[in-house]
Amino acid sequence: ATQVLTGHGCFGRYLHLVARREPTPKCHHCSGCNEDTVEHTLAYCTAFAEQRRVLVAKIGPDLSLPTVVATMLGSDESWQAMLDFCESTISQKEAAERERESSS
């Protein structure tokens, strides 16, 4: 959850601009996204549509970070739903990053 809340982690933008471990900030999980950000992962990336569907069913359709944080703080169920989303998506993003690094 820390990676999603701070933007520091397995996001193309961070890996490109800050960590300097990626040549571009693009998303490696869907086609057509030129900048992988927290917002992209949370609200738009097609690779995480199922996880997003489950999250939206629990916390509602507004996936802007301020609203997500407020919702998380509003109930244990919302908190857990967001943690589940983060755990699932970040673990997939980390595995893909490790695979790219071992391939290069």
Side-chain angles (χ1 to χ4, degrees):
T2 301
Q3 289 186 39
V4 172
L5 296 175
T6 65
H8 291 208
C10 288
F11 304 101
R13 179 184 174 130
Y14 176 82
L15 294 172
H16 174 68
L17 295 175
V18 178
R20 306 240 186 250
R21 294 195 329 237
E22 289 284 339
T24 70
K26 76 174 189 166
C27 180
H28 293 280
H29 302 277
C30 67
S31 60
C33 176
N34 293 325
E35 189 170 55
D36 178 21
T37 62
V38 170
E39 178 184 27
H40 169 72
T41 299
L42 189 57
Y44 305 109
C45 187
T46 56
F48 305 116
E50 178 57 24
Q51 293 95 326
R52 184 178 309 106
R53 184 193 64 74
V54 172
L55 179 65
V56 165
K58 300 282 185 181
I59 71 169
D62 186 348
L63 296 177
S64 64
L65 204 51
T67 300
V68 168
V69 170
T71 305
M72 286 174 68
L73 297 174
S75 75
D76 290 341
E77 182 181 26
S78 295
W79 181 274
Q80 189 60 54
M82 186 59 181
L83 289 181
D84 292 345
F85 177 87
C86 292
E87 182 177 308
S88 176
T89 57
I90 296 300
S91 65
Q92 288 179 51
K93 290 169 86 69
E94 286 174 339
E97 182 186 3
R98 284 190 299 275
E99 181 65 31
R100 286 191 308 277
E101 287 177 347
S102 70
S103 299
S104 59

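When reading the values below, keep in mind they use all heavy atoms of this one structure, side chains included, and skip hydrogens, waters and symmetry mates. All values reported here derive from a predicted model rather than from experimental measurement.
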Distance-minimising heavy-atom pair for [X] and [Y]:
X   : Y   : answer
C30 : A47 : CB-N, 4.5 Å
F85 : L42 : CE2-CD1, 3.5 Å
Q3  : C10 : OE1-N, 3.0 Å

ask   = Would V68 and I59 satisfy side-chain contact (heavy atoms from CB on, under 4.5 Å), going step by step from the backbone distance to the final call?
value = CA-CA 8 Å; V68 168; I59 71 169; 4.1 Å; yes
Any residue meeting side chain to side chain donor-acceptor pair (under 3.5 Å) with R21, in chain and number order, not counting sequence neighbours = E97, E101
request  = For the residue pair H16 and E35, establish whether any side-chain heavy-atom pair is separated by less than 4.5 Å.
outcome  = no
To the nearest 0.5 Å, what is the distance between [atom1] on [X] and [atom2] on [Y]?
X   : Y   : atom1 : atom2 : result
K58 : R53 : NZ    : CZ    : 10.5 Å
T67 : M72 : OG1   : CE    : 13.0 Å
L63 : T41 : CG    : OG1   : 12.0 Å

task = Scan side-chain atoms only and decide if Q51 and S88 contain a donor-acceptor pair under the 3.5 Å cut-off.
result = yes
query = Any side-chain donor-acceptor pair under 3.5 Å between D84 and Q80?
reply = yes
task = Using the rule that two of Ile, Leu, Val, Met, Phe, Trp, Tyr join whenever any of their side-chain heavy atoms come within less than 4.5 Å, decide whether V38 and V56 are in one cluster.
result = yes
inquiry  = Would a single hydrophobic cluster contain both I90 and F48, if residues Ile, Leu, Val, Met, Phe, Trp and Tyr are joined by side-chain heavy-atom contacts under 4.5 Å?
reply    = no
query = Hey, mind stepping through D36 and K93 against salt bridge (charged side-chain N to carboxylate O under 4.0 Å, His left out) and telling me if it holds?
reply = CA-CA 11 Å; D36 178 21; K93 290 169 86 69; 2.7 Å; yes
side-chain contact (heavy atoms from CB on, under 4.5 Å) between V54 and E50, worked out = CA-CA 6 Å; V54 172; E50 178 57 24; 3.8 Å; yes
message = Tell me every residue that passes side chain to side chain contact (heavy atoms under 4.5 Å, CB included) with T24, counting only those two or more places apart in sequence or in another chain.
response = K26
In terms of heavy-atom contacts, does [atom1] of [X] have more than 12 from other residues, nucleotides or ligands at under 6.0 Å?
X   : atom1 : value
Q92 : CD    : yes
R52 : CZ    : yes
D62 : CG    : yes

request  = Might you work through the side-chain contact (heavy atoms from CB on, under 4.5 Å) test for M82 and L55, ending with a clear yes or no?
outcome  = CA-CA 7 Å; M82 186 59 181; L55 179 65; 4.1 Å; yes
key: side-chain contact (heavy atoms from CB on, under 4.5 Å) between H28 and L15, worked out   = CA-CA 12 Å; H28 293 280; L15 294 172; over 6 Å; no
